[in-house]
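What follows is a set of notes on a single structure, which appears directly below.
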Amino acid sequence: MSLEIPFDNAYARLPDQFYTKIAPTPVRDPKLFAFNTELAHELGLNATDLQSDDGVGFLAGNDLPEGADPLAQVYAGHQFGGWSPRLGDGRAILLGEVRDRNGTQFDLQLKGSGPTPYSRMGDGRAWLGPVIREYLMSEAMHALGLPTTRALAAVTTGEVVLREGPLPGAILTRVAKSHIRVGTFQYFAAQKDKEALVALVDFALERHDPSKDGALGLLDGVVERQAQLVAKWMGIGFVHGVMNTDNMTISGETIDYGPCAFIDTFHPMRVFSSIDQHGRYAFSRQPDVAMWNLAQLATSLLPLIDKVENAQASIDRFPGIFQRAWLDVYRQKIGLETAQDDDGDLINDLLTRMTNGHADFTNTFRALGTDSARDAFLDPNLFDEWDAKWRARMAKEGATPENRLERLHQTNPAVIARTHRIEEAIQAAVAGDRKQFETLQKALKTPFEHPFNAPELTHAPTDEEVVPQTFCGT
Ligand code: AMP
Ligand code: MG
């Protein structure tokens with residue numbers, strides 16, 4: 001076929017025990033559902049070719065361009081704290097790596113592309129719902145400035161996938177700095193395969209941390225990136241929902257948009273996932289869970305680290321880095337330009353009042369400095385008391401109210417991917433109507449601008465609209 005993609009096959013050059021080489025299973029009638037032209041350009045890919053029949057055949061896994069060396073990666077992981085010695089790509093296939101315009105390497109992966117030796121009881125497929133959800137959520141996160149895997153395309157397969165009932169099948173093309181997970185290291189550590197661990201450390205360092213050295217250097221880098229990432233999640237009201245060690249990257253990118261959600265009405269213990277019955281991955285537990293996961297990474301790397309104390313010291317940096325990053329994020333969210341010792345108290349006071357006042361997370365921050373912020377609270381007095389303290393603090397800074405408002409609006413988005421809007425877009429798409437997906441997807445590209453053509457996207461859900469739970473829905 002004519003489509004040319006200059007693949008590298010770096011992961012495919014690692015030893016055999018890292019993967020199973022396997023091609024995607026062809027699908028009956030692939031059709032393009034969504035295509036990310038900007039991302040294609042960033043990756044130096046030909047957007048026109050990719051949207052042609054040949055291109056769609058490729059995005060569906062029917063026709064692979066020359067140079068692809070498809071494989072399913074093996075990994076292990078702790079799922080809700082329980083150990084699974086072998087997981088791996090059960091419904092995803094890595095085609096190879098491409099370089100973006102800056103020379104950075106990215107994986108191209110098809111997700112929903114058919115069974116692999118790691119599929120266990122699964123069918124290796126995805127239905128349109130989770131594909132739309134991942135497309136919207138990951139691109140929303142990117143536009144908000146958070147490190148994340150991205151979505152290049154979504155195609156429908158013309159085949160039916162059986163879940164609660166028959167549903168339209170779909171495939172997502174995922175782009176990531178790499179798909180190496182904490183669980184990838186855990187797999188080889190559990191196999192007591194020291195050679196593989198060394199090879200994986202070298203690979204990951206070259207890809208993500210070329211200036212660092214050895215297993216300890218890698219660990220330091222991952223601790224830093226994950227602390228920064230989770231602080232950003234906390235600042236945008238994001239609940240990942242399945243922070244298993246196989247869903248935590250070495251690159252520091254958010255990965256695996258399953259039952260994740262942006263918080264509407266704020267509560268620190270908010271959980272969305274239908275399977276997270278004990279709130280293990282609740283909003284405010286995310287930093288602790290991240291540290292627990294990093295401790296698993298450290299444990300896996302111990303055979304390559306001379307002293308346990310050094311690994312421990314690396315992990316122990318997490319709370320400090322996280323706390324500083326969190327303060328940075330929230331200082332910006334409330335418009336502070338200078339740092340004072342009691343800023344953390346001021347921020348936490350607002351969050352407590354938001355909890356007690358059933359305030360919408362996004363809209364409260366977006367409205368700071370305007371008269372409407374208090375309207376987000378069940379009892380507006382809760383806000384007014386805080387507002388007075390905040391204004392007193394602000395008076396000690398130089399910025400004019402106009403300046404401050406402008407900066408607040410560059411930090412606090414007007415539009416997030418609200419769960420009820422995503423569900424609406426999915427239901428419409430399944431019924432053959434792409435309009436809501438289009439509207440949402442467009443607005444999410446510029447989340448800091450008010451969407452004048454779709455102002456409803458900025459509204460918190462009404463009681464009738466609330467979607468209380470999300471499902472892994474694989
Ligand atoms: P997740 O909860 O999405 O992180 O997936 C956990 C594991 O289950 C991974 O190894 C996935 O590849 C696998 N998996 C999830 N859904 C499917 C499916 N439909 N078919 C095969 N494997 C799956
Ligand atoms: Mg996963």
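These values consider heavy atoms only, across backbone and side chains, with no hydrogens, waters or symmetry-generated copies. We count ligands from 1, going down the list as the structure has it; atoms in each ligand are counted the same way.
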Side-chain donor-acceptor contact under 3.5 Å, [X] with [Y]:
X: H208; Y: R225; result: no
X: S314; Y: D220; result: yes
X: Q73; Y: T184; result: no
X: S84; Y: Q79; result: yes

Of S84, A92, G88, G77, which has the heavy atom at the shortest distance from atom 10 (O) of ligand 1?
->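 Of the listed residues, G88 has the closest heavy atom.
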Would you indicate which of K111, R120, Q73 comes nearest to atom 7 (C) of ligand 1 when only heavy atoms are counted?
->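 Looking at heavy atoms only, R120 sits closest to atom 7 (C) of ligand 1.
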Looking only at heavy atoms, is any part of V242 under 4.0 Å from ligand 1, and if so is it the side chain, the backbone, or both, or is it neither?
->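 Looking at V242 and ligand 1, no heavy atom falls under 4.0 Å.
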Structural part of Q79 in contact with ligand 1, heavy atom criterion under 4.0 angstrom =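 For Q79, the contact with ligand 1 is made by the side chain alone.
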L95 and F58: side chain to side chain contact (heavy atoms under 4.5 Å, CB included), yes or no, with the steps?
-> CA-CA 10 Å; L95 300 174; F58 155 66; 3.4 Å; yes
Pull out every atom of ligand 1 sitting under 4.0 Å from any heavy atom of [X], numbered as shown with elements.
X: Y75; answer: 9 (C), 10 (O)
X: G124; answer: 18 (C), 19 (N), 20 (N), 21 (C)
X: D246; answer: 4 (O)
X: R163; answer: 19 (N)
X: D256; answer: 4 (O)

Indicate yes or no: at least one non-hydrogen side-chain atom of M234 is less than 4.5 angstrom from one of F283.
->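 Yes. Closest side-chain heavy atoms under 4.5 Å.
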Any heavy atom of [X] closer to ligand 1 than 4.0 angstrom?
X: G258; value: no
X: R181; value: no
X: N247; value: yes

Verdict with reasoning, D49 to E4, per side chain to side chain contact (heavy atoms under 4.5 Å, CB included) | CA-CA 9 Å; D49 286 357; E4 270 179 45; over 6 Å; no
Output field: ring centroids [X]/[Y] closer than 6.0 Å:
X: F18; Y: F203; value: no
X: Y75; Y: Y118; value: no
X: Y257; Y: Y135; value: no

Purely on distance, is any nitrogen or oxygen of [X] under 3.5 Å from one on ligand 1?
X: L87; value: no
X: G122; value: no
X: D89; value: no
X: Y118; value: no

Are any of the side-chain nitrogens in R421 or E424 under 4.0 Å away from the carboxylate oxygens of its partner?
->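 Counted as a salt bridge, because a side-chain N and a carboxylate O are separated by less than 4.0 Å.
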Lys/Arg-Asp/Glu bridge criterion (N-O < 4.0 Å) met for R285, D276 |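 Salt bridge flag = no for D276 with R285.
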Which protein N, O or S atoms sit under 2.8 Å from the Mg ion (ligand 2)?
->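 Near the Mg ion (ligand 2), the protein supplies N247 OD1, D256 OD2.
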Can you tell me if S284 uses its side chain to pair, donor with acceptor, with the backbone of P268 under 3.5 Å?
->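 Indeed, once roles are kept as given, a pair shorter than 3.5 Å links the two residues.
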Exercise: identify the closest heavy-atom pair between T149 and A176 |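 Of all heavy-atom pairs spanning T149 and A176, the closest is CG2-CB, 3.8 Å.
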